[in-house]
Asker: 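Shown below is the structure under consideration.
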There are 2 protein chains.
Amino acid sequence: MKKNLQRSECPICRSLDLFGDKWSLLIIRDLMFFGKATYSEFLKSAEGISTNILAVRLQMLEESQLLLRTEHPDSKAKVLYKLTQKAVDLLPMIVEIHLWAEKYLTITPETEALIEEVKNDKEGFITKTMAALCARI
Amino acid sequence: MKKNLQRSECPICRSLDLFGDKWSLLIIRDLMFFGKATYSEFLKSAEGISTNILAVRLQMLEESQLLLRTEHPDSKAKVLYKLTQKAVDLLPMIVEIHLWAEKYLTITPETEALIEEVKNDKEGFITKTMAALCARI
DNA sequence: ATTTTTGCTTGCATTTTGCAAGTACAAATG
DNA sequence: CATTTGTACTTGCAAAATGCAAGCAAAAAT
């Protein structure tokens, strides 16, 4: 992965560079909310990421210290990806994206349940989910 | 602008597609916080977007109904870009990105002031800024 | 011993980007 | 009134990133 030479000094820009693009954020979302944690699970995920892009994104996220590649307890063939604290701290932002998306886009059923929970008690949801995710780090 | 054929049904994915990429979000940020509203202002902005990309992004944002192209009161040569309600509603998400960026990235001075204000009183900042932005729609 | 699963890599055509240059119209300047 | 400057773009082209299909080595299952 060659880096783009013309880079902004703007933190928003750099923070978005960390994700690389939507795919990276979707991987994080899969880990946060949908219990996905392996390469093939991310690949099978509804979004339809292609395998080479997934590989590159996982590398980028690991380099950015948003993901940790660990041994899978079930099998040596598997790799277990874990969210770091840095990634878990993205939760509030991801929640806000969901709330915005719910207002302006059509939501899939699997996401709808999530958003309903958030709408009932945003702070509660964030605290609870954050604690659950931190426990797994 | 040809659209990518393989599109996700995931709302996060689609919401990020709306922005196009980091550049779109930076344009919105320039409008929200830094009083930029014309083509040349976006171009001169510190981030270093190239002119053809800026043109495409402005089109995309207009098509997505995040921006409105309006006549500039000062001159017929100028175009005044305005945020729509849909874009203003991104404020909470953008605030959360800033808070995250402040924790994990090096912040530029111009952004630092903004973040300090947010850290003092997040809800207050959002309410106040949202009201100010809505007044200009 | 063979097939399947898992986590990738490789090759290649298509698309998007970055950079530089150019253009049309409005406004300012001499 | 002619010319220069400013504004909002467009165009062309090389370089980079993406999407798609195929391949591949090690581990696990049959």
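Below, chains carry the letters A, B, ... as their sequence lines are ordered, and counting in each starts from 1.
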Asker: Could you give the CD1-to-C1' distance, from A/I53 to C/dA13, as a whole number of Å?
Answerer: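 It is 14 Å, rounded to the nearest whole Å.
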Asker: Can you tell which of D/dA28, C/dG18, C/dT10 lies closest to the side chain of A/N52?
Answerer: C/dT10
Asker: Run the salt-bridge test on B/K119 and B/E112 with the 4.0 Å N-O cut-off and return the result as yes or no.
Answerer: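 A salt bridge is absent here (no side-chain N lies under 4.0 Å from a carboxylate O).
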Asker: Using the six-membered ring wherever Trp is involved, compare the ring planes of A/H98 and A/F33 and label them parallel, tilted or perpendicular (cut-offs 30° and 60°).
Answerer: perpendicular
Asker: So which nucleotide from C/dA27, C/dC8, D/dC9 ends up closest to the side chain of A/A55?
Answerer: C/dC8
Asker: When you get a sec, tell me which of C/dT6, D/dG19, C/dC8 is the closest nucleotide to the side chain of A/T51?
Answerer: C/dC8
Asker: The side chain of B/V79 is closest to which nucleotide in this list: D/dA8, C/dA26, C/dC8?
Answerer: D/dA8
Asker: Between D/dA29 atom P and A/K78 atom NZ, what is the distance in whole Å?
Answerer: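 Result: 9 Å.
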Asker: Specify the separation, in whole Å, of atom OH of A/Y39 and atom P of D/dA25.
Answerer: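 Distance, rounded to whole Å: 17 Å.
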Asker: Can you measure A/W23 atom CH2 to D/dA17 atom C1' for me and round it to whole angstrom units?
Answerer: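 Value for this atom pair: 14 Å.
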Asker: Between the side chains of B/Q85 and B/D89, is a donor N or O closer than 3.5 angstrom to an acceptor N or O?
Answerer: yes
Asker: Nearest of D/dT7, D/dG19, C/dC8 to any side-chain atom of A/S50?
Answerer: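 Looking only at heavy atoms from C-beta outward on A/S50, the closest nucleotide is D/dG19.
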Asker: Any sub-3.5 Å donor-acceptor pair from B/Y81's side-chain atoms to B/K36's backbone N or O?
Answerer: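 Answer holds: no.
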Asker: What is the distance, to the nearest angstrom, from the CD1 atom on A/I49 to the C1' atom on D/dT18?
Answerer: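 Going from CD1 in A/I49 over to C1' in D/dT18 covers 11 Å.
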Asker: Closest approach to the side chain of B/Y81, judged atom by atom: which nucleotide of D/dA27, D/dC9, C/dA27 is it?
Answerer: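 So the nucleotide nearest the side chain must be D/dC9.
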Asker: For A/R57 and C/dT9, give me the distance from atom CZ to atom C1', rounded to whole Å.
Answerer: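 Rounded to the whole Å, the gap is 16 Å.
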Asker: Heavy-atom nearest nucleotide on DNA chain D for B/L58 versus A/D74: which residue maps closer to 5'?
Answerer: B/L58
Asker: D/dT18 P sits how many Å from A/L26 CG, rounded?
Answerer: 14 Å
